[in-house]
Peer 1: 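Okay, handing you the structure first.
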Amino acid sequence: MTHIRESMQRAENRFDATAAHFARRHPCISLLCTFIGIPAFILGAVYALASVVVCPVAWVCGWM
């Protein structure tokens, strides 16, 4: 169990270091990703998951 936790922490630290390096080298792109890309990704994920739930219900109820 501790090995899994340590490997996840190493992966998280490596990701944080990579993201910080990218942000230092490309500050404008990182701001665009932060304030436009991430919200768009979240909205897309919410839409996809809602569609996965609602489409079968609509099909069963005969609304499609």
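Side-chain atoms are counted along with the backbone in the values below, which use heavy atoms only and exclude waters and symmetry mates. This chain uses plain numbering: 1 for the first residue, then up along the sequence.
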Peer 1: Between C33 and I29, is any pair of side-chain heavy atoms under 4.5 Å apart?
Peer 2: yes
Peer 1: Check this for me: F41, atom CZ, are more than 12 non-hydrogen atoms of other residues, nucleotides or ligands nearer than 6.0 Å?
Peer 2: no
Peer 1: Rounded to the nearest 0.5 Å, what separation is found between the NE2 atom of H3 and the CE atom of M8?
Peer 2: 12.0 Å
Peer 1: Compare every heavy atom of P56 with every heavy atom of S51, then report the nearest pair and how far apart it is.
Peer 2: O-CD, 4.0 Å
Peer 1: Drop me the distance from T2's OG1 to Q9's CD, to the nearest 0.5 angstrom.
Peer 2: 10.0 Å
